[in-house]
Amino acid sequence: MSLIPTLMTALSTVLYHNYDGTEGFTGFANEGTWVIFAIILVPVYIMLIAWFVGKPRDTKTGLLGVTYLVGLTTSMWVGMFFITMLIGILFYGGMPEPITAPGP
């Protein structure tokens with residue numbers, strides 16, 4: 001009997017409380033993502049359209065608003081991506097599924 005697999009099993013039990021990776025695809029484009037983009041963000045879409053087709057029309061201010069929205073959205077998504085990777089490494093013993101192989 002080898003010591004390394006036994007030690008790894010013991011460490012997994014102590015550190016991760018026998019929680020392993022989930023089966024199937026988890027992480028990114030699930031049902032919640034579609035609900036957010038198709039329903040929740042409708043007022044934002046209307047606001048963006050109004051900036052460019054409404055009266056009085058100010059294209060420069062509209063483009064500035066779009067730049068701010070894209071910048072904020074990108075910073076939130078990238079930040080959450082890195083936090084998700086960090087949580088996976090620290091608490092679940094490896095990167096989440098979209099980055100690595102699926103769970104057991």
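Just so we're clear, the structure is a prediction, and the values are computed from it rather than from any experiment.
- Expressed to the nearest 0.5 Å, how far CD1 of Ile87 lies from CE of Met95 amounts to 13.0 Å.
- Across all their heavy atoms, Leu63 and Phe52 have their closest contact at N-CZ, 3.8 Å.
- Following chains of ILVMFWY side-chain contacts shorter than 4.5 Å, one cannot reach Val66 starting from Ile49, and the two form parts of different hydrophobic clusters.
- Around atom OH of Tyr45, more than 12 heavy atoms belonging to other residues, nucleotides or ligands sit under 6.0 Å away.
- Under the 4.5 Å side-chain heavy-atom criterion for grouping Ile, Leu, Val, Met, Phe, Trp and Tyr, Met47 is connected to Ile36 within one hydrophobic cluster.
- One finds the CH2 atom of Trp77 at 10.5 Å from the OG1 atom of Thr84 (value rounded to the nearest 0.5 Å).
- Leu90 contributes atom CG, which lies 11.5 Å from atom CD1 of Ile83 (distance to the nearest 0.5 angstrom).
- Here the CG atom belonging to Leu41 is positioned 11.0 Å from the CD1 atom belonging to Ile46, to the nearest 0.5 angstrom.
- When hydrophobic clusters are built by joining Ile, Leu, Val, Met, Phe, Trp and Tyr residues whose side-chain heavy atoms come closer than 4.5 Å, directly or via intermediates, Leu48 is not grouped with Leu64.
- When all heavy atoms of Val70 and Thr74 are compared, the closest pair comes out as O-OG1, 2.7 Å.
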Could you check Trp51 against Thr61 for side chain to side chain contact (heavy atoms under 4.5 Å, CB included), going step by step and ending with a plain yes or no? CA-CA 8 Å; Trp51 282 350; Thr61 304; over 6 Å; no

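- Hydrophobic clustering of Ile, Leu, Val, Met, Phe, Trp and Tyr side chains at less than 4.5 Å, counting indirect connections, keeps Met85 apart from Met80.
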